[in-house]
Amino acid sequence: MTSQLKLYNTADRRISEFKPLVPGKVGIYLCGATVQANPHIGHIRSGVNFDILRRWMIACGYEVTFIRNVTDIDDKILQKAELEGAPWWAIAMKYERAFTEGYRILNVMPPTYEPRATGHITQMITLMEQLIASGHAYAPGNGDVYLEVRSLKRYLTLSNQKLEDLQPAGDADTTHKKDPRDFALWKAAKPGEPFWPTPWGNGRPGWHLECSAMAHAYLGEAFDIHGGGLDLIFPHHENEIAQSEAAGYDFANIWMHNAWVTASGEKMSKSLGNSLQVIELIKRVRGIELRWYLGSAHYRSMLEFSFEALEESSVNFRRIEGFLQRAKEATGALPDFDLSDEFRMAMNDDLAVPTALADISELVKLGNTALGNNNLLEVARYASQVRGALFILGCDPFDEIFATGSTLNEELVGKLVELALEQRTEARARKDFAAADAIRDQIQALGIALEDTPQGVRWSVGK
RNA sequence: GGUCGGAUGGCCGAGAGGCGAGGCUCAGGACUGCAAAUCCUGCUACACGGGUUCAAAUCCCGUUCCGACCUCCA
């Protein structure tokens with residue numbers, strides 16, 4: 001299917017029409033987590049943003065291969081292992097699970113494949129051998145392997161910097177490096193550190209090598225989209241490009257970067273404590289509401305976090321959700337999946353989610369009016385367009401991933417609520433409003449919302 | 001110092017030369033026994049100073065403020 005999808009490319013800082021390298025297919029590589037702490041909403045926002053991209057591309061008819069890596073060996077992981085008094089691999093596994101759980105709660109589709117750095121040492125060694133053979137990397141003999149940045153035809157094209165403008169590292173190793181700006185592909189293992197044998201000695205992967213090796217392994221020498229957080233542009237993505245191009249690969253065609261979540265105008269960091277971890281926030285709002293919030297701003301805009309904004313975003317979502325529920329009850333069937341032209345146009349415009357949200361609001365308004373007029377044909381039409389849009393955004397309230405609690409308990413609660421409501425209806429029938437309101441107050445105090453409609457009483461369990 | 005991004009109404013958040021996105025809040029109205037839900041109406045905006053233009057939140061020049069990144073440490 002012909003796509004009019006336009007995407008912003010960090011490499012040329014322009015929005016242009018997306019053209020897949022292979023017609024009908026898309027390869028996406030997303031830099032995933034370095035598993036050394038619990039996921040906070042900044043990490044997960046990236047997952048959500050690229051999940052929306054993936055869902056939209058699938059909706060556009062593409063067959064998408066989505067690779068999101070796990071970096072499970074890294075300086076910070078080793079530090080954390082020291083701190084927590086556990087083996088590094090136990091730390092990595094523990095936090096990898098935490099990330100997987102965070103993605104699951106927010107309905108981020110599992111990647112097609114999720115490669116771990118430590119599972120691809122062989123590919124990294126092969127890549128280093130290629131780079132040494134081509135004269136772009138060197139092993140000074142201490143067990144390290146460096147990429148020689150001055151040997152590159154081009155470097156720093158993504159961040160548009162000049163090599164000479166880079167601030168030299170304060171304590172850059174000049175005894176082994178030819179140039180202080182050369183970066184480590186591979187690091188010699190210090191005593192006590194994990195290592196893998198290589199032709200240059202025992203060591204472990206450097207910062208950036210794993211992504212080049214894994215992208216190559218699963219997506220080939222050239223692929224469509226490479227994504228990640230804005231802060232990865234330099235040095236991580238520049239160095240990935242450097243390694244890959246020096247090895248003769250075309251590498252990524254388009255670079256996409258999501259902006260971060262800020263708090264008080266500043267990039268989120270661990271100094272803000274644990275409150276913005278997914279696991280904490282879902283105590284306040286449901287996973288679907290947190291996802292709605294994280295996905296609601298444009299992916300290239302900063303999302304200024306506040307509990308107030310999160311709360312009001314949830315209120316907005318509940319209005320949309322309420323319409324779909326009422327539409328389902330009125331029509332007696334789950335809404336279909338459909339998409340309005342406005343929604344399509346918005347998504348094709350570099351994933352203009354905020355514009356798409358405006359359209360959803362409009363559809364809900366029209367749908368609610370149709371409900372009021374009991375025009376079920378129109379209700380079904382608007383409801384399906386809303387549901388289709390929510391599915392793309394990963395927030396379909398009928399998705400079983402968001403179902404809560406056990407069916408058994410829900411049935412029981414339902415019957416008890418109905419019982420109480422019968423009493424109230426009887427009281428109202430005999431105009432005993434004091435008694436009727438007392439019953440309502442008590443039900444509401446339990447967190448159950450009531451609405452009197454011409455068809456009878458609706459009730460729903462609030463958050 | 002270099003590179004990149006930002007400043008929009010009470011709040012969140014789009015837009016990027018011309019009819020004031022959308023949401024949340026608030027006020028009023030319709031509906032309701034009262035609520036709730038829903039719909040309708042209304043309310044405040046484009047950091048500052050110049051300039052271009054018939055027309056600027058949007059383009060140009062300058063200023064202020066904020067943020068991010070700058071290599072085995074991030």
Inset, instruction - Could you check whether A:Trp186 gets within reach of a base, just the sugar-phosphate, or nothing at all, counting any heavy atom under 4.0 Å? - result: nothing
Legend entry - A:Leu147 CG to B:U71 C1', straight-line distance once rounded to whole Å: 11 Å
Legend entry - Out of B:A37, B:U71, B:C72, whichever nucleotide has its closest atom nearest the side chain of A:Phe234: B:U71
Inset, instruction - With C1' as the reference atom in both, quote the distance from B:C11 to B:C26 in angstrom, rounded to an integer. - result: 11 Å
Legend entry - A:Phe433-B:G33 aromatic stacking (under 5.5 Å, under 30°): yes
Legend entry - Under-4.0 Å salt bridge between A:Asp359 and A:Arg344: no
Legend entry - Separation between the C1' atoms of B:C48 and B:U41, rounded to whole Å: 35 Å
Inset, instruction - Kindly indicate whether the side chain of A:Met57, heavy atoms from C-beta on, has any atom under 4.5 Å from the side chain of A:Leu7. - result: yes
Legend entry - Between B:C46 and B:U3 - P atom distance, rounded Å: 32 Å
Legend entry - Pair A:Thr34-A:Asp74, side-chain donor/acceptor within less than 3.5 Å: no
Inset, instruction - Indicate, with a heavy-atom threshold strictly under 4.0 Å, whether A:Asn368 touches base, sugar-phosphate, or nothing. - result: sugar-phosphate
Inset, instruction - Could you please name the option among B:G22, B:A68, B:U71 that lies closest to any side-chain atom of A:Asn239? - result: B:U71
Legend entry - Nearest-nucleotide pick for A:Arg319, side chain only, options being B:A35, B:G22, B:U38: B:U38
Inset, instruction - Using the closest heavy atom to pick a nucleotide of RNA chain B for each, name whichever of A:Lys431 or A:Leu357 lands nearer the 5' end. - result: A:Leu357
Legend entry - Pairwise C1' distance for B:U64 and B:A55, with rounding to whole Å: 28 Å
Inset, instruction - Assign a letter to each nucleotide of nucleotides 2-18 of chain B from its 5' end: B, base within under 4.0 Å of a protein heavy atom; S, sugar-phosphate only; -, no contact. - result: BSS------BSSS----
Legend entry - A:His237 and A:His208 aromatic centres sub-6.0 Å: no
Inset, instruction - Calculate the interatomic distance between A:Asp231 atom CG and B:C69 atom C1'; express it in whole Å. - result: 8 Å
Inset, instruction - Would you classify A:Arg424 as touching base, sugar-phosphate or nothing, given that sugar-phosphate means primed atoms plus P, OP1 and OP2, and contacts are heavy atoms under 4.0 Å? - result: base
Inset, instruction - Could you check which of B:U25, B:C34, B:A36 has an atom nearest any side-chain atom of A:Val315? - result: B:U25
Legend entry - base_contact_polar (B:C72 base, A:Asn142 side chain, donor-acceptor, <3.5 Å): no
Inset, instruction - May I ask you to check whether over 12 heavy atoms, not counting those of A:Arg14, lie within 6.0 Å of atom CZ? - result: no
Inset, instruction - Please step through side-chain contact (heavy atoms from CB on, under 4.5 Å) for the pair A:Leu158 and A:Trp255, ending with a clear verdict. - result: CA-CA 9 Å; A:Leu158 197 60; A:Trp255 289 86; 3.8 Å; yes
Legend entry - A:Lys177 side-chain N/O to B:U71 phosphate OP1/OP2 under 4.0 Å: no
Legend entry - Rounded distance (nearest 0.5 Å) linking atom CD1 of A:Ile44 with atom CG of A:Leu281: 11.0 Å
Legend entry - Which nucleotide in B:C34, B:A37, B:G22 has an atom nearest any side-chain atom of A:Arg326: B:A37
Inset, instruction - Return yes if the base of B:G22 and the side-chain atoms of A:Asn316 contain a donor-acceptor N/O pair under 3.5 Å, otherwise no. - result: no
Inset, instruction - Take the protein atom CG of A:Asp74 and the nucleotide atom C1' of B:U71, then report the distance between them rounded to whole Å. - result: 14 Å
Legend entry - Between P of B:G22 and CG of A:Leu363, the distance in whole Å: 13 Å
Legend entry - P-based separation of B:C39 from B:G6 [nearest Å]: 34 Å
Legend entry - Any side-chain heavy-atom pair of A:Trp186 and A:Pro205 under 4.5 Å: yes
Legend entry - Polar pair under 3.5 Å, donor/acceptor by atom type, side chain A:Arg440, base B:A35: yes
Inset, instruction - Tell me the stems RNA chain B sits in, counting at least three consecutive Watson-Crick or G-U wobble pairs, each under 3.5 Å on both distances. - result: B:1-7 with B:64-70, B:10-12 with B:22-24, B:26-30 with B:38-42, B:47-51 with B:59-63
Inset, instruction - Please report, rounded to the nearest Å, how far the P atom of B:U71 is from the OH atom of A:Tyr155. - result: 10 Å
Legend entry - Interatomic distance at P, B:A36 relative to B:G20, whole Å: 32 Å
Inset, instruction - Would you mind reading off the distance between A:Lys267 atom NZ and B:C66 atom C1', rounded to a whole angstrom? - result: 16 Å
Inset, instruction - State whether A:Arg55 and A:Asp51 are salt-bridged, where the test is any N-O pair (Lys NZ or Arg NE/NH1/NH2 against Asp/Glu carboxylate O) under 4.0 Å. - result: yes
Legend entry - Interatomic distance where CD1 belongs to A:Ile360 and C1' belongs to B:A21 [whole Å]: 14 Å
Legend entry - Near-ring test A:His176/A:Tyr146, centroid separation under 6.0 angstrom: no
Legend entry - Residues A:Ser340 and A:Gln385: side-chain donor-acceptor under 3.5 angstrom: no
Legend entry - Residue whose nearest RNA chain B nucleotide is more 5′ - A:Asp359 or A:Thr262: A:Asp359
Legend entry - Spacing of A:Leu366 atom CG relative to B:G22 atom C1', expressed in whole Å: 14 Å
Inset, instruction - Would you give the length of the straight line joining atom CD of A:Glu238 to atom CG of A:Leu156, rounded to the nearest 0.5 angstrom? - result: 5.0 Å
Inset, instruction - Kindly indicate whether the side chain of A:Tyr146 and the base of B:U71 share any N or O donor-acceptor pair separated by less than 3.5 Å? - result: no
Legend entry - Whole-angstrom distance between B:U38 and B:C4, as gauged at atom P: 46 Å
Legend entry - Euclidean distance for P, B:A27 against B:A37 (whole angstrom): 14 Å
